[in-house]
Amino acid sequence: METVGGLLREWRHSRRLSQLDLALAAGISPRYVSLIETGRSRPSADMVLRLADQLDVPLRHRNRLLVTAGFAPRYRERPLDGPDMAAVREAVAGVLRAHEPYPALVVDRHWNLVLANTPVEYLLAHVDPELLAPPVNLVRLGLDPRGLAPLIVNRAEVRSFLRTRLARQVARSPGRQDR
């Protein structure tokens, strides 16, 4: 069974912090951090959020911590295409238009294409249509020989950059990425 202490320990390890480091940053005792992680103390919702803040836990994962600790989630997750996100969509679309005539796109946390401006169509014109079936994943599109890979002159550098970036992303979000 998943516990809030176990999840906090995962986040602490992923950030390469000791219990002492986390305790000092949060202004609490290392013993209290240990008690929370071992399940011998039940933290308040405010304490869960205080520790999550020090660990730079993304909001969706903070909700998971809160729910695991027995509290209601505090952060609402809304899809970009939701009715209450019209102003955000328009702002993002404005940024994409402002980049024209250069390609610009928006990806989600899984590197799937969310929005793109018109010049992106020209960039993807010679890509295998199978790779453009939703969801269009930019990592796959950039590295696949049927995608953009043959067009990338500095392919080794791009692969290295993506490998480093993805490793950092995985390290920042311990556990499964779809949670």
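The same ILVMFWY cluster, assembled from side-chain heavy atoms under 4.5 Å apart, contains both Trp111 and Val158. Hydrophobic clustering of Ile, Leu, Val, Met, Phe, Trp and Tyr side chains at less than 4.5 Å, counting indirect connections, keeps Val120 apart from Leu96. A continuous path of ILVMFWY side-chain contacts below 4.5 Å connects Leu124 to Val107, so both sit in one hydrophobic cluster. Linking Ile, Leu, Val, Met, Phe, Trp and Tyr residues whenever their side-chain heavy atoms come within less than 4.5 Å places Leu141 and Leu113 in a single cluster. Under the 4.5 Å side-chain heavy-atom criterion for grouping Ile, Leu, Val, Met, Phe, Trp and Tyr, Leu59 is connected to Phe71 within one hydrophobic cluster.
The shortest distance between side-chain heavy atoms of Leu131 and Val136 does not fall below 4.5 Å. Here the side chains of Thr118 and Glu100 are in contact, with some heavy-atom distance below 4.5 Å. Considering only heavy atoms from C-beta on, Leu115 stays 4.5 Å or farther from Leu105 through its side chain. For the pair Leu65/Leu51, no side-chain contact is recorded, criterion being any heavy-atom separation below 4.5 Å from C-beta on. Counting only heavy atoms from C-beta outward, the side chains of Leu35 and Arg42 never approach each other to under 4.5 Å. Using a 4.5 Å heavy-atom threshold, the side chains of Leu49 and Tyr75 count as touching. Annotation: side chain of Val92 is not in contact with side chain of Val95 (no heavy-atom distance under 4.5 Å).
Shown here are the side chain to side chain donor-acceptor pair (under 3.5 Å) partners of Ser160, two or more places apart in sequence or in another chain: there are none. For Glu121, there are no salt bridge (Lys or Arg N to Asp or Glu O under 4.0 Å) partners two or more places apart in sequence or in a different chain. For Arg9, there are no side chain to side chain donor-acceptor pair (under 3.5 Å) partners at least two apart in sequence or on another chain. Take Arg74 and apply the salt bridge (Lys or Arg N to Asp or Glu O under 4.0 Å) test, not counting sequence neighbours, and it matches Asp46.
The backbone N or O of Ser18 lies less than 3.5 Å from a partner atom in the side chain of Asp21, making a donor-acceptor pair. Formation of a donor-acceptor pair under 3.5 Å by the Arg12 side chain with backbone atoms of Leu22 is not found in this model. With Ser34 contributing its side chain and Pro30 its backbone, the two residues share no donor-acceptor pair below 3.5 Å. Side chain of Asn117 to backbone of Ala104: a donor-acceptor contact under 3.5 angstrom is found. At distances below 3.5 Å, not a single donor-acceptor pair connects side-chain atoms of Gln19 with backbone N or O atoms of Tyr32.
Arg15 and Glu10 are not joined by a salt bridge, as no carboxylate oxygen comes within less than 4.0 angstrom of a charged side-chain nitrogen. Using a cutoff of 4.0 Å between basic side-chain nitrogens and carboxylate oxygens, Asp81 and Arg89 are not scored as salt-bridged.
Between atom CG of residue Leu8 and atom CD of residue Gln54 there is a gap of 12.0 Å, rounded to the nearest 0.5 Å. Rounding to the nearest 0.5 Å places CG of Leu148 at 11.0 Å from CZ of Arg155. Annotation: the span from Arg62 atom CZ to Leu7 atom CG amounts to 14.0 Å, rounded to 0.5 Å.
The hydrophobic cluster of Val67 has no other members, since no ILVMFWY side-chain heavy atom comes under 4.5 Å of it.
Side-chain contact, Arg31 with Ser29: no donor N or O sits under 3.5 Å from an acceptor N or O.
In plain terms, the two heavy atoms of Gly142 and Ile152 that are nearest each other are O-CD1, 3.6 Å. Of all heavy-atom pairs spanning Val114 and Asp108, the tightest one is CG2-N, 3.6 Å. In this structure, Thr68 and Arg64 approach most closely via the heavy-atom pair OG1-O, 2.7 Å. Of all heavy-atom pairs spanning Val48 and Ala69, the tightest one is CG2-CB, 4.1 Å. Across Pro150 and Pro145, no two heavy atoms sit closer than the pair CG-O, 3.1 Å. Shown here for Arg50 and Ile28, the closest heavy-atom pair between the two residues is NH1-CG2, 3.6 Å.
Other residues, nucleotides and ligands place more than 12 heavy atoms under 6.0 Å from the NE2 atom of His13. Dense packing is recorded around CZ of Arg78, with more than 12 heavy atoms of other residues, nucleotides or ligands lying under 6.0 Å away.
Annotation: side chain to side chain donor-acceptor pair (under 3.5 Å) contacts involving residues 135-144, sequence neighbours excluded, comprise Asn112-Asn137, Asp144-Arg146.
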